[in-house]
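Start at 1 with the first residue, then count along the sequence.
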Amino acid sequence: MKNLLKFLLILTISFQMDAQEWQTPTIDGYGKIKYFEDAAEQPDTSLTYKMIFNIDSEKEKEGVNAGLWRIARTLNLLKAGNVANEKIDLVAILHGEATYTILSNEEYNKRFKTQNPNMELLKLLKVNGVTVFVCGQAMASRKIKKGDMNEYTEMALSALTVLPHYQLKGYVLIH
């Protein structure tokens with residue numbers, strides 16, 4: 001009987017955890033989270049979250065670049081954990097195969113015969129204070145001109161200079 005009660009309790013808790021809906025409280029539609037108020041480790045609202053995201057893959061998650069999706073999830077988690085906007089400072093550098101993510105819809109369509117699937121997410125990230133850079137060296141090697149970029153990204157000299165620059169300023173590197 002005692003084992004049966006334990007089993008039922010575990011089953012009930014598991015069901016409640018699974019029953020919670022996925023949500024996107026800040027970046028609508030991207031970076032789904034399940035927030036657990038009773039989790040042992042929560043965001044510390046007294047800290048400033050300074051992070052630099054290194055994105056060099058074209059891998060996708062739910063139809064957008066997986067690295068950008070991860071930034072959306074980070075924002076959703078921090079905001080669900082009641083971290084104030086002024087305590088969140090996120091920066092991304094795109095390079096390597098992720099470079100094409102920064103193309104305008106027109107240029108992306110010329111190259112890939114479809115619209116850039118990342119545009120809405122890039123816009124939402126910018127609106128929420130995320131700075132997205134692209135490596136100028138990666139652009140040059142892929143014959144991408146500054147005029148080919150979308151309005152939500154900025155060109156940097158190089159990922160090799162952006163990454164240490166922000167780390168030396170106290171940003172945590174996220175891969």
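Interatomic distance, NZ of K87 versus CG of D89, reported as 12.0 Å (0.5 Å rounding). The OG1 atom of T99 lies 6.0 Å from the CD1 atom of I144; values are rounded to the nearest 0.5 Å. Here CD of E107 is found 11.5 Å from CG of N150. Values are rounded to the nearest 0.5 Å. For the atom pair Y152 OH and I102 CD1, the distance stands at 14.0 Å (nearest 0.5 Å). For the atom pair I88 CD1 and L47 CG, the distance stands at 12.0 Å (nearest 0.5 Å). A distance of 12.5 Å separates CH2 in W69 from CG in L125, rounded to the nearest 0.5 Å.
Shown here is K123, whose NZ atom has no more than 12 heavy atoms of other residues, nucleotides or ligands within 6.0 Å.
Residues passing the side chain to side chain donor-acceptor pair (under 3.5 Å) test with S46 are D44, sequence neighbours excluded. For the ring pair (Phe, Tyr, Trp, His ring centres under 6.0 Å) test, no residue two or more places apart in sequence or in another chain qualifies with Y49. Take N128 and apply the side-chain contact (heavy atoms from CB on, under 4.5 Å) test, not counting sequence neighbours, and it matches T26, I27, L75. For D148, the side chain to side chain donor-acceptor pair (under 3.5 Å) test picks out no residue, with sequence neighbours left out. Applying the side chain to side chain donor-acceptor pair (under 3.5 Å) rule to N116 yields the partners N118; only residues at least two apart in sequence or on another chain are considered. Partners of N105 under the side chain to side chain donor-acceptor pair (under 3.5 Å) rule, at least two apart in sequence or in another chain, are Q115. Looking at residues two or more places apart in sequence or on another chain, you find no ring pair (Phe, Tyr, Trp, His ring centres under 6.0 Å) involving Y35. In terms of the salt bridge (Lys or Arg N to Asp or Glu O under 4.0 Å) criterion, residue partners of E97 (sequence neighbours excluded) are, by chain and number, R142.
No side-chain donor-acceptor contact under 3.5 Å links Q137 to the backbone of H95. Remark: the backbone N or O of P117 is not paired with any side-chain donor or acceptor of E120 at under 3.5 angstrom.
For the pair Y100/L94, no side-chain contact is recorded, criterion being any heavy-atom separation below 4.5 Å from C-beta on. Using a 4.5 Å heavy-atom cutoff, the side chains of L103 and R111 are in contact. In this structure the side chain of M139 reaches within 4.5 angstrom of the side chain of M149, judged on heavy atoms.
Within the structure, salt bridge (charged side-chain N to carboxylate O under 4.0 Å, His left out) contacts touching residues 64-77 (residues at least two apart or in different chains) do not occur. Evaluation of the salt bridge (charged side-chain N to carboxylate O under 4.0 Å, His left out) test over residues 52-68, restricted to residues two or more places apart or in two chains, returns K32-E62.
T24 approaches G31 most closely through the heavy-atom pair CG2-C, 4.2 Å. For C135 against A159, the heavy-atom pair with the smallest separation is SG-N, 3.3 Å. Residues S57 and N65 share a closest heavy-atom pair of O-ND2, 2.9 Å.
Summarising the hydrophobic clusters (Ile, Leu, Val, Met, Phe, Trp, Tyr; side-chain heavy atoms under 4.5 Å, direct or chained), the residues clustered with Y171 are I52, V91, I93, F133, V162, L163, Y166, L173.
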Pair V64, Y30 - check side-chain contact (heavy atoms from CB on, under 4.5 Å), show working.
CA-CA 9 Å; V64 295; Y30 301 97; 3.7 Å; yes
Quick one: side chains of residues 77-86, donor-acceptor pairs under 3.5 Å with protein atoms, not counting sequence neighbours, listed by atom name and distance.
{"from": "K79", "atom 1": "NZ", "to": "V83", "atom 2": "O", "distance (Å)": "3.3"}
{"from": "K79", "atom 1": "NZ", "to": "N85", "atom 2": "OD1", "distance (Å)": "2.8"}

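The cluster map of Ile, Leu, Val, Met, Phe, Trp and Tyr, joined by side-chain heavy atoms under 4.5 Å apart, puts M119 and M155 in the same cluster. I33 and L68 fall into different hydrophobic clusters, defined by Ile, Leu, Val, Met, Phe, Trp and Tyr side-chain heavy atoms under 4.5 Å apart, directly or through other members. There is a path of hydrophobic side-chain contacts, each under 4.5 Å, that joins V172 to V132. Hydrophobic clustering of Ile, Leu, Val, Met, Phe, Trp and Tyr side chains at less than 4.5 Å, counting indirect connections, unites L121 with F112.
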